[in-house]
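Written below as structure tokens is the structure these notes are about.
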Amino acid sequence: MNNLTINLPTLFFSGNRLTGEGVECTARKIKDLKGLFHNTAALNVMNRETVVYEVKSFLPVPEGTPGGLYFGITYLYPGKVGDEYFMTRGHFHAGRDRAEFYWGLTGEGMLLLMDGQRHAWAEKMSQGSLHYIPGGVAHRVANTGSSLLSFAACWPSDAGHNYGEIADRGFAARLIEKNGIPNLI
């Protein structure tokens, strides 16, 4: 007869928090986001140590492992550089056919999307919203509210990240505040 065991959980997802064994945390500050915002004059007077967003991730298998899944939560702070909302860097997946799910936990924002032909669109994010990001579509998120925007993500461990294409060519659209309203331009 085999000895069967019952393991206690070591990873916890509650509300908008991810804690436990193996959770990694990274932070992106103003100084890490050179070239992201169009108003360089406004950017240059900001505190370079200001945290724009943090990501907590659970990556249970090595990157590139076929069939594995990753899970993470992004915490995007409210703020603007000039009239442009704080946002994530944005990326395509290196494995262009790899999709991803995002879902809103707290706050308000916009998911900016761009296909390979540079056609761009946005989806409103809020608590409980669910967003399917198809393969071949670049994505970034902007916080359009006055409080923390948090959202969870689940993606294949072999998706990879291609930040270079967005860094080199930019995103086809920007989200700015005009008369108190987010506008995709």
Side-chain angles (χ1 to χ4, degrees), residues 16 25-40 42-43 46 50-57 63 70-127 129-156 159-178 181-185:
N16 73 338
C25 186
T26 57
R28 296 286 178 248
K29 300 177 180 181
I30 290 287
K31 69 181 182 183
D32 303 319
L33 302 174
K34 184 179 179 186
L36 185 63
F37 298 97
H38 75 281
N39 188 336
T40 55
L43 184 67
M46 295 183 75
T50 299
V51 175
V52 175
Y53 65 97
E54 298 173 284
V55 180
K56 288 195 174 187
S57 304
E63 187 169 1
Y70 289 160
F71 181 82
I73 299 177
T74 299
Y75 306 94
L76 181 53
Y77 293 95
K80 291 190 297 252
V81 176
D83 59 359
E84 196 168 13
Y85 299 99
F86 276 7
M87 63 183 146
T88 61
R89 288 171 50 197
H91 63 275
F92 283 100
H93 286 156
R96 285 288 179 129
D97 62 346
R98 297 300 190 246
E100 184 168 5
F101 273 112
Y102 279 5
W103 58 98
L105 300 173
T106 62
E108 297 178 2
M110 292 277 183
L111 170 60
L112 301 159
L113 301 152
M114 179 180 73
D115 65 21
Q117 291 73 45
R118 301 189 56 77
H119 172 256
W121 65 100
E123 296 178 2
K124 185 175 176 149
M125 293 184 81
S126 60
Q127 184 177 0
S129 65
L130 180 63
H131 308 269
Y132 176 72
I133 304 163
V137 174
H139 41 288
R140 76 167 27 143
V141 175
N143 184 338
T144 59
S146 58
S147 62
L148 178 72
L149 170 65
S150 62
F151 60 94
C154 186
W155 67 101
H161 295 86
N162 174 354
Y163 292 104
E165 191 167 338
I166 303 299
D168 293 343
R169 298 186 62 205
F171 222 83
R174 293 189 175 276
L175 192 66
I176 63 164
E177 182 182 74
K178 186 174 181 180
I181 299 170
N183 284 270
L184 191 63
I185 60 166

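Of all non-hydrogen atoms in Gln127 and Leu105, the two that sit nearest each other are CG-O, 3.1 Å. Of all the heavy atoms in Pro156 and Arg98, the pair that sits closest is CG-CD, 4.0 Å. For the residue pair Ala142 and Tyr85, the shortest heavy atom distance occurs at CB-CB, 4.1 Å. Among all heavy-atom pairs drawn from Asn143 and Pro78, the shortest one is ND2-N, 3.3 Å. Considering every non-hydrogen atom in both Met125 and Ser129, the closest pair reads CA-OG, 3.5 Å. The two atoms that bring Asn39 and Gly82 nearest to each other are ND2-CA, 3.9 Å, heavy atoms only.
Separating the CG atom in Leu184 from the CG atom in Leu112 is a distance of 6.0 Å, to the nearest 0.5 Å. Here CD1 of Ile133 is found 9.5 Å from CZ of Phe101. Values are rounded to the nearest 0.5 Å. Put simply, CD1 on Ile166 and NE2 on His139 are 9.5 Å apart, with the number rounded to the nearest 0.5 Å. The OH atom of Tyr102 lies 11.5 Å from the SG atom of Cys154; values are rounded to the nearest 0.5 Å. Atoms OG1 and CG, on Thr74 and Asn16 in that order, are 11.5 Å from each other to the nearest 0.5 Å. In this structure, CZ on Phe37 lies 7.0 Å from CG on Leu43, to the nearest 0.5 angstrom.
A 4.5 Å side-chain heavy-atom check between Met110 and Lys124 finds at least one atom pair inside the cut-off. Met114 has its side chain within reach of Phe92: a pair of non-hydrogen atoms, C-beta onward, lies under 4.5 Å apart. For the pair His131 and Trp103, the minimum side-chain heavy-atom distance is 4.5 Å or more.
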> Between Leu76 and Leu148, is a side chain to side chain contact (heavy atoms under 4.5 Å, CB included) present by the stated rule, with each step listed?
Replying inline: CA-CA 6 Å; Leu76 181 53; Leu148 178 72; 5.7 Å; no

>> Is there a salt bridge (Lys or Arg N to Asp or Glu O under 4.0 Å) between Arg28 and Glu54? Walk through the geometry before answering.
In response: CA-CA 6 Å; Arg28 296 286 178 248; Glu54 298 173 284; over 6 Å; no

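The pair Glu84-Arg140 fails the salt-bridge criterion, with no side-chain N (NZ, NE, NH1 or NH2) lying under 4.0 Å from an Asp/Glu carboxylate O.
Note that Arg174 lies outside the cation-pi zone of Phe171, set by a 6.0 Å cut-off to the ring centre and a 45° limit from the axis.
Using modelled atom types and a 3.5 Å distance limit, the side chains of Tyr70 and Glu63 yield no donor-acceptor pair.
Under the 6.0 Å cut-off for aromatic ring centres, Phe86 and Tyr77 do not qualify, their centroids lying 6.0 Å or more apart.
The backbone N or O of Lys29 lies less than 3.5 Å from a partner atom in the side chain of Asp32, making a donor-acceptor pair. Side-chain atoms of Tyr75 do not come within 3.5 Å of backbone N or O of Lys56 as any donor-acceptor pair. Looking at His91, its side chain never comes within 3.5 Å of a backbone N or O of Asn162 through a donor-acceptor pair.
Atom CZ of Arg118 has more than 12 neighbouring heavy atoms from other residues, nucleotides or ligands inside a 6.0 Å radius.
Classified by interplanar angle (parallel below 30°, tilted 30° to 60°, perpendicular above 60°), the ring pair His161/Trp155 is perpendicular.
Between Tyr53 and the options Thr26, Leu33, Leu149, Val141, a side-chain contact (heavy atoms from CB on, under 4.5 Å) holds for only Leu33. Here the rule is side-chain contact (heavy atoms from CB on, under 4.5 Å) with Leu175, and of Asp83, Asn183, Thr144 only Thr144 fits it.
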